[in-house]
Amino acid sequence: MPLSGMAIAFKASTSACTAQQLWGHPTRDQCQYGFTHLNERKSRKGSAALHARAVSGKLDLDFGDPSWKQKYQEDWDRRFSLPHITDVFDLEPRLTTFSLKKNRSPLGASDASSPDKWNGYVNKDDRALLKVINYASNTSAGAECIDPDCSWVEHWVHRAGPRKEIYYEPEEVKAAIVTCGGLCPGLNDVIRQIVFTLEIYGVKNIVGIQFGYRGFFEKGLKEMPLSRDVVENINLAGGSFLGVSRGGAKTSEIVDSIQARRIDMLFVIGGNGSHAGANAIHEECRKRKLKVSVVAVPKTIDNDILFMDKTFGFDTAVEEAQRAINSAYIEARSAYHGVGLVKLMGRSTGFIAMHASLSSGQIDVCLIPEVSFRLDGEHGVLSHLEHLLETKGFCVVCVAEGAGQDLLQKSNATDASGNVILSDFGVHMQQKIKKHFKDIGVLADVKYIDPTYMVRACRANASDAILCTVLGQNAVHGAFAGFSGITSGICNTHYAFLPITEVITTPKHVNPNSRMWHRCLTSTGQPDFH
């Protein structure tokens with residue numbers, strides 16, 4: 001299967017949630033739990049809902065069954081169990097070679113490297129709680145409910161970190177790192193930390209695969225030997241030290257290359273599509289009975305990977321977006337009837353636009369893909385801009401690139417990763433604003449700013465650099481622990497390992513009923529555009 005189609009294939013095979021199965025509206029948080037919309041239910045004070053059912057993964061829940069919660073949690077535990085190389089191979093673990101105590105012990109301390117003397121390891125049974133809010137009602141803002149009464153159900157995931165036992169001999173390991181998709185702040189930070197951590201385990205043979213999955217099959221693209229000396233300062237620059245590309249060869253061809261190169265660990269740094277590709281590689285390695293750990297690191301500037309608080313590059317993108325917004329604000333405020341228009345990244349999600357609008361405090365209108373709107377008419381966006389020019393004298397608008405696609409002519413064209421090529425809503429919005437005010441005989445000075453490539457190519461800020469550091473280290477810990485087909489992320493402020501199959505079922509979206517979106521609306525003061 002070509003990698004460009006993997007995301008679609010995995011979504012179709014793993015997601016059991018449809019628009020008709022959602023509680024009140026099609027939001028990411030509700031889809032991830034997979035429950036159904038119940039048209040008829042009784043109140044908490046009344047009897048239990050009659051014949052109420054929900055679908056969780058492939059589990060059909062009947063809320064009239066007293067044991068439904070136990071069945072749900074058992075299904076959750078099954079879905080979020082981590083694939084392990086011992087599922088295929090009969091292997092015995094050995095004591096880990098990872099110990100930081102030996103670097104701090106005085107000379108001559110004979111037990112300095114003994115794992116038994118250092119309590120820096122994560123127990124294999126440690127778990128992190130994914131969600132902590134106990135909603136009293138499904139009508140609460142941002143509520144994520146499984147049953148009609150919003151019963152509390154614990155969602156536990158595996159805690160990330162170094163284990164006391166490992167399943168590889170470090171001196172025999174060949175590890176490879178590949179960066180896929182588009183650029184994102186922090187790529188070099190992750191590469192650097194993966195190399196550092198591998199060397200602490202004792203791995204000597206570390207290579208970089210150049211230009212994404214293409215590096216596995218493109219003639220002339222050789223492996224790049226990596227070491228601490230090579231990657232020491234790469235975090236001081238943006239971009240990817242290894243290069244990036246979209247799309248690639250068939251999974252079987254990539255695994256042929258992995259097998260020929262005798263790679264034991266593959267670290268894939270990428271977004272949803274790259275994660276789907278990593279999982280396909282993991283499955284093919286299992287099929288061939290290859291002892292290869294495939295571990296992904298979540299990279300998406302859009303912050304659209306399921307279950308995770310945030311992905312690296314997002315904080316930097318929001319911070320860099322402030323420059324564009326502030327420039328648009330100054331231009332608009334300094335002009336007679338000035339309109340500042342900024343387009344930010346976000347193909348299918350509006351996280352960057354929402355958070356940038358919140359943090360700047362200068363945005364009057366924020367438009368995102370998850371919330372529909374009208375441009376024309378009495379209650380449209382353009383009418384509101386008229387009001388703002390009349391009352392304030394200027395205004396600033398922030399739009400996500402994927403917003404308003406239903407208002408534009410659709411294109412069936414796709415890029416090398418299989419993503420639909422979007423129509424340019426930013427340019428469309430600019431033209432609509434100019435035409436509207438010209439038609440009504442009102443002067444409007446429109447300044448349009450698109451900082452997309454400036455944001456993508458910059459160096460990670462402090463917050464993202466820390467996140468990249470931990471994600472890179474945890475990826476190596478996961479591989480040595482024997483896991484494969486997993487990714488590492490920050491969930492409810494804790495770092496966790498998650499099976500790739502669960503995080504790629506659907507992208508994460510802004511919940512229009514969430515408190516964060518409500519906070520954005522409070523900040524902008526914008527009305528409903530319907």
Side-chain angles (χ1 to χ4, degrees), residues 10-83 125-159 306-309 370 491-492 494 496-518:
F10 274 98
K11 181 175 179 180
S13 64
T14 59
S15 178
C17 182
T18 65
Q20 287 72 34
Q21 291 174 319
L22 299 177
W23 199 206
H25 44 75
T27 70
R28 179 271 312 173
D29 294 309
Q30 293 172 336
C31 188
Q32 73 186 33
Y33 295 105
F35 45 76
T36 57
H37 175 75
L38 306 176
N39 294 318
E40 297 183 10
R41 64 181 182 86
K42 303 226 174 178
S43 68
R44 283 182 173 272
K45 295 181 181 180
S47 59
L50 299 178
H51 203 61
R53 308 185 75 87
V55 177
S56 168
K58 294 183 179 179
L59 180 68
D60 189 5
L61 293 175
D62 183 351
F63 296 128
D65 181 356
S67 63
W68 75 263
K69 188 182 293 187
Q70 178 184 348
K71 292 179 179 178
Y72 176 88
Q73 290 187 315
E74 288 174 352
D75 180 62
W76 177 273
D77 292 340
R78 176 191 58 79
R79 288 166 50 200
F80 283 81
S81 63
L82 302 178
D125 294 322
D126 284 358
R127 297 293 185 271
L129 195 59
L130 192 62
K131 299 291 180 181
V132 294
I133 298 179
N134 186 359
Y135 295 99
S137 168
N138 62 75
T139 59
S140 296
E144 301 163 3
C145 301
I146 300 168
D147 70 327
D149 291 328
C150 262
S151 300
W152 170 253
V153 178
E154 296 174 345
H155 296 91
W156 296 102
V157 291
H158 291 254
R159 185 184 177 200
L306 205 57
F307 300 113
M308 299 180 188
D309 295 356
E370 294 88 344
C491 305
N492 185 26
H494 297 287
F497 290 138
L498 301 167
I500 294 178
T501 51
E502 290 299 322
V503 303
I504 62 174
T505 54
T506 183
K508 181 175 74 172
H509 295 286
V510 172
N511 181 347
N513 191 42
S514 67
R515 288 295 302 127
M516 191 59 74
W517 177 244
H518 293 170

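A 4.5 Å side-chain heavy-atom check between N511 and E370 finds every atom pair outside the cut-off. Contact check for F80 versus L498: side-chain heavy atoms found under the 4.5 Å cut-off.
Interatomic distance, CZ of R79 versus CG of D77, reported as 10.5 Å (0.5 Å rounding). Here the straight-line distance linking atom CG of D75 with atom CG of L61 works out to 7.5 Å at 0.5 Å rounding. In this structure, CG on L82 lies 10.5 Å from CD1 on I500, to the nearest 0.5 angstrom. Expressed to the nearest 0.5 Å, how far NZ of K131 lies from NE2 of H155 amounts to 9.5 Å. A distance of 15.0 Å separates NZ in K69 from CH2 in W76, rounded to the nearest 0.5 Å.
With sequence neighbours excluded, no residue satisfies side chain to side chain donor-acceptor pair (under 3.5 Å) with Q73. In this structure, the ring pair (Phe, Tyr, Trp, His ring centres under 6.0 Å) partners of W68, at least two apart in sequence or on a different chain, are F63. For D65, the salt bridge (charged side-chain N to carboxylate O under 4.0 Å, His left out) criterion is met by K71, not counting sequence neighbours. In terms of the side chain to side chain donor-acceptor pair (under 3.5 Å) criterion, residue partners of D126 (sequence neighbours excluded) are, by chain and number, R159. In terms of the side chain to side chain donor-acceptor pair (under 3.5 Å) criterion, R515 has no residue partners (sequence neighbours excluded). For W156, the side chain to side chain donor-acceptor pair (under 3.5 Å) partners at least two apart in sequence or on another chain are E154.
Checked by atom type and distance alone, the side chain of D149 never pairs as donor or acceptor with a backbone atom of S151 at under 3.5 Å. Between the S514 side chain and the W517 main chain, a donor and an acceptor come within less than 3.5 Å of each other.
For the pair P83 and P499, the tightest heavy-atom approach, listed with the atom from each and the gap, is CD-CB, 4.3 Å. Counting all heavy atoms, side chain and backbone alike, C491 lies closest to A496 at SG-CB, 4.2 Å. Annotation for T501 and I504: closest pair O-CG1, 3.8 Å, computed over non-hydrogen atoms. Closest non-hydrogen pair, N492 versus L130, comes out as CB-O, 3.3 Å. When all heavy atoms of K508 and M308 are compared, the closest pair comes out as NZ-O, 2.7 Å. In terms of heavy-atom proximity, H509 sits nearest to P507 at CD2-O, 3.4 Å.
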